[in-house]
Amino acid sequence: MRINKYIAHSGVASRRKADELVASGNVKVNGVVIREAGFQVSEGDRVEINGKHIESSEKKVYILLNKPVGYVTTMNDDKGRYTAADLVTDITERIFPVGRLDYNTSGLLIMTNDGEVAYRITHPKHQVTKTYRAEVSGYLSNTRLAKLRNGVDIGGFVTSKAKVEVIKQLKNTAIVEIEIHEGKNRQVRKMFKAVGCTVVRLQRISIGELRLGRMLEGHYRKLTPKEVEMIKTW
Ligand code: URA
């Protein structure tokens, strides 16, 4: 949507006044001043006028989806693969996935058109806990576990302390639950690789207090108003 239309929809200013606000450098998108009235605002963009966050007045929708393996979390895929949005069939608003979940990872994915809620969940300063259940090949010795728990270098970034619980250790594979507080690209897979193990299956089971529970893969539900309010306190 063009920035002037977005501002007008938010009810903050008329379309003409919006043009003026943009031209005079009072509007920022994702922290950067923009001056072209034709600038396109995309899903998840954060728009500010004179430092105040504004949102378009479209009805807000919040979905908790159990993403199966084999779906990307971008809105379009240049390889033509299925997207998480393809699974949400009865919502007319344009919702977008909050953060990413790899093509080969299943589990809890929030989708919304509320930029503020997306920001709460993903911004590193909020350090929202994400829990994953991983099937890992390799033996999780105490040394390896200690490294994962204390922080490992995943290529120029050292992860913060993580909670790691071995649910089941077989001879050469283990089922592990791991809680992390950052959201680096392929973080869990890289953490295990850094200690010499390979993740063969990965599922996100919670984000903060939101849990996947027994939801079937490919299914989804709306968040309750209480859950949405809770996210806004993160
Ligand atoms: N860590 C990963 O390695 N992949 C994901 O999809 C999420 C976290």
Side-chain angles (χ1 to χ4, degrees), residues 43-44 63-79 81-88 95-112 117-138 140 144-145 147-167 173-213 215-220 231 234:
E43 300 95 351
I63 297 293
L64 187 160
L65 166 75
N66 184 355
K67 183 189 96 64
V69 165
Y71 288 77
V72 293
T73 54
T74 47
M75 291 302 285
N76 296 299
D77 184 54
D78 48 11
K79 296 191 192 132
R81 294 174 294 185
Y82 289 116
T83 72
D86 292 331
L87 292 164
V88 184
I95 53 173
F96 55 91
V98 177
R100 44 177 180 236
L101 209 49
D102 298 339
Y103 182 76
N104 286 324
T105 303
S106 64
L108 201 166
L109 181 71
I110 302 296
M111 299 187 72
T112 184
V117 158
Y119 180 78
R120 290 270 163 186
I121 298 172
T122 53
H123 198 281
K125 80 173 178 196
H126 298 127
Q127 301 222 330
V128 178
T129 306
K130 279 142 290 200
T131 312
Y132 294 85
R133 182 174 268 244
E135 186 182 326
V136 174
S137 79
L140 277 173
R144 283 173 163 163
L145 283 171
K147 282 188 188 161
L148 287 167
R149 288 177 178 141
N150 290 325
V152 282
D153 190 333
I154 54 168
F157 178 83
V158 178
T159 56
S160 62
K161 284 198 185 308
K163 216 169 167 180
V164 186
E165 191 187 348
V166 179
I167 307 293
T173 47
I175 306 290
V176 186
E177 279 188 17
I178 176 164
E179 272 183 35
I180 59 169
H181 308 279
E182 308 104 339
K184 296 287 174 197
N185 195 14
R186 301 178 72 79
Q187 181 167 334
V188 175
R189 291 174 201 276
K190 286 179 184 166
M191 286 174 75
F192 281 99
K193 190 162 179 231
V195 299
C197 296
T198 309
V199 170
V200 289
R201 211 174 357 207
L202 188 62
Q203 180 190 38
R204 181 154 64 199
I205 57 175
S206 70
I207 298 179
E209 294 90 338
L210 298 172
R211 305 205 180 290
L212 194 58
M215 180 177 284
L216 297 175
E217 284 194 0
H219 286 223
Y220 57 91
I231 296 173
W234 289 354

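Ligands are counted one by one from 1 in listed order, and the atoms in each one are counted from 1 as well. Along the sequence shown, residues carry numbers from 1. Being a predicted model, the structure only gives us computed values, none of them experimental.
Every atom of ligand 1 is numbered from 1 in the order shown, and the set under 4.0 Å from a heavy atom of Q187 is 1 (N), 2 (C), 3 (O). Residue L101 has at least one heavy-atom neighbour below 4.0 Å for each of these atoms of ligand 1: 6 (O). Each of the atoms 7 (C), 8 (C) of ligand 1 lies under 4.0 Å from some heavy atom of Y132. Those atoms of ligand 1 that come under 4.0 Å of a heavy atom in T105, given as number and element, are 4 (N), 5 (C), 6 (O).
Within the 4.5 Å cutoff, the side chain of P97 has heavy atoms near those of the M111 side chain. Between I180 and T159 the shortest side-chain heavy-atom distance does not fall below 4.5 Å. At a threshold of 4.5 Å between non-hydrogen side-chain atoms, the residues D77 and Y103 do not count as touching.
Between R100 and ligand 1, no pair of N/O atoms sits closer than 3.5 Å. Taking any N or O of D102, backbone or side chain, at least one lies under 3.5 Å from an N or O belonging to ligand 1.
Side-chain polar atoms of E182 and S160 form a donor-acceptor pair below 3.5 angstrom.
Residue R201 places its CZ atom among 12 or fewer non-hydrogen atoms of other residues, nucleotides or ligands, all under 6.0 Å distant. No more than 12 heavy atoms of other residues, nucleotides or ligands shown are found within 6.0 angstrom of OH on Y82.
From the protein, the heavy atom lying nearest to atom 1 (N) of ligand 1 is V188 N, 3.1 Å.
At a heavy-atom cutoff of 4.0 Å, ligand 1 is contacted by the side chain of L202 but not by its backbone.
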